[in-house]
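Read through the structure below, which is laid out as structure tokens, and then see the notes.
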Amino acid sequence: MRIFIGIDLDLELKNQIFQLQEKLKPYVSKGNWKYEDNFHLTLRFLGEIEEGQISVIDGAIQSMIDKIKPFKLQLKGGGTFGLKSSTDESKGPLVKVLWLGVDGNMKALNELYFELEFALTEKGFAKDYRDYAPHITLGQDLRFSADIEAVKPYFKALEKSFMARELTLFRSESVGGRRVYRPIRTYAFSPTTLE
Ligand code: NAP
């Protein structure tokens with residue numbers, strides 16, 4: 001099974017992100033837009049694992065979750081990973097990942113990332129050596145028909161704050177050709193608020 005750990009977003013914020021995504025769609029001729037119910041902030045992608053490892057991951061999260069208090073985050077700007085300009089002048093760039101940026105209490109978010117990473121490596125999972133680049137994916141493998149700068153003003157219009165109150169262990173699967181993220185378990189942060 002394909003597994004990742006992240007912060008899920010509430011339905012209202014998911015809908016606001018979807019409304020933004022709708023405004024971007026006319027600038028893109030093809031690609032994969034993330035479905036509205038799938039918007040989230042990934043903390044750790046674990047990839048394909050054996051079902052028996054779920055209890056080990058569950059134990060790792062339980063060993064650190066009480067250290068984390070709810071904290072405030074904010075959507076902030078947006079950008080791309082893997083931007084390739086086209087040699088064909090009639091086409092715009094190809095973008096591997098188009099994302100919304102995340103700001104706010106980055107100290108708390110980074111502590112959460114490192115506590116989770118430490119707990120997983122203690123249980124024998126390979127360390128993730130890449131820098132953590134928090135983002136909310138809007139779409140993948142997008143062929144733009146215009147310069148990417150044209151869409152950047154739209155990101156600014158959605159600089160909303162939201163509270164991170166729990167972690168979710170997700171299973172990612174393809175159901176009838178549609179990518180679905182199913183929560184396996186949620187883990188509430190300790191209830192005292194840290195702004
Ligand atoms: P996935 O590959 O199972 O990824 C699940 C989550 O883990 C995503 O949040 C993803 O990153 C993260 N992740 C995946 N590989 C990673 C890696 N190597 N390192 C770090 N994080 C990683 O599912 P998916 O990416 O949503 O979709 C798989 C395929 O379905 C893609 O080809 C996609 O274009 C297509 N598709 C997906 C959707 C959708 O709504 N999810 C819609 C249409 C088509 P991010 O946090 O960066 O997203």
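Computed over heavy atoms, backbone and side chain alike; hydrogens, waters and symmetry mates excluded. Indexing begins at 1, ligand by ligand and atom by atom, following the structure's order.
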**Study point:** Pairs meeting criterion salt bridge (charged side-chain N to carboxylate O under 4.0 Å, His left out) with involvement of residues 135-146, two or more places apart
**Key:** Lys96-Asp141
Point to revise | Min side-chain heavy-atom separation Ile57-Lys123 under 4.5 Å | key: no
Check your understanding: For Val97, which fellow cluster members are found when Ile, Leu, Val, Met, Phe, Trp and Tyr are connected by side-chain heavy-atom distances below 4.5 angstrom, either directly or through intermediates?
Key -> Phe81, Trp99
Review point. Any salt bridge between Glu115 and Lys67, counting N to O under 4.0 Å?
Key: yes
Review point. With sequence neighbours left out, what residues match Ile184 under side-chain contact (heavy atoms from CB on, under 4.5 Å)?
Key: Ile3, Ile54, Leu169, Arg171
Practice item. At a heavy-atom distance under 4.0 Å, which protein residues reach ligand 1? Sort them by chain and number, would you? Key: Arg2, Phe4, Asn32, Trp33, Lys34, Tyr35, Asn38, His40, Thr42, Phe45, Arg130, His135, Thr137, Gln140, Ser172, Arg179, Tyr181
Check your understanding: Does Glu173 come within less than 4.0 Å of Arg182, counting only side-chain N to carboxylate O?
Key -> yes
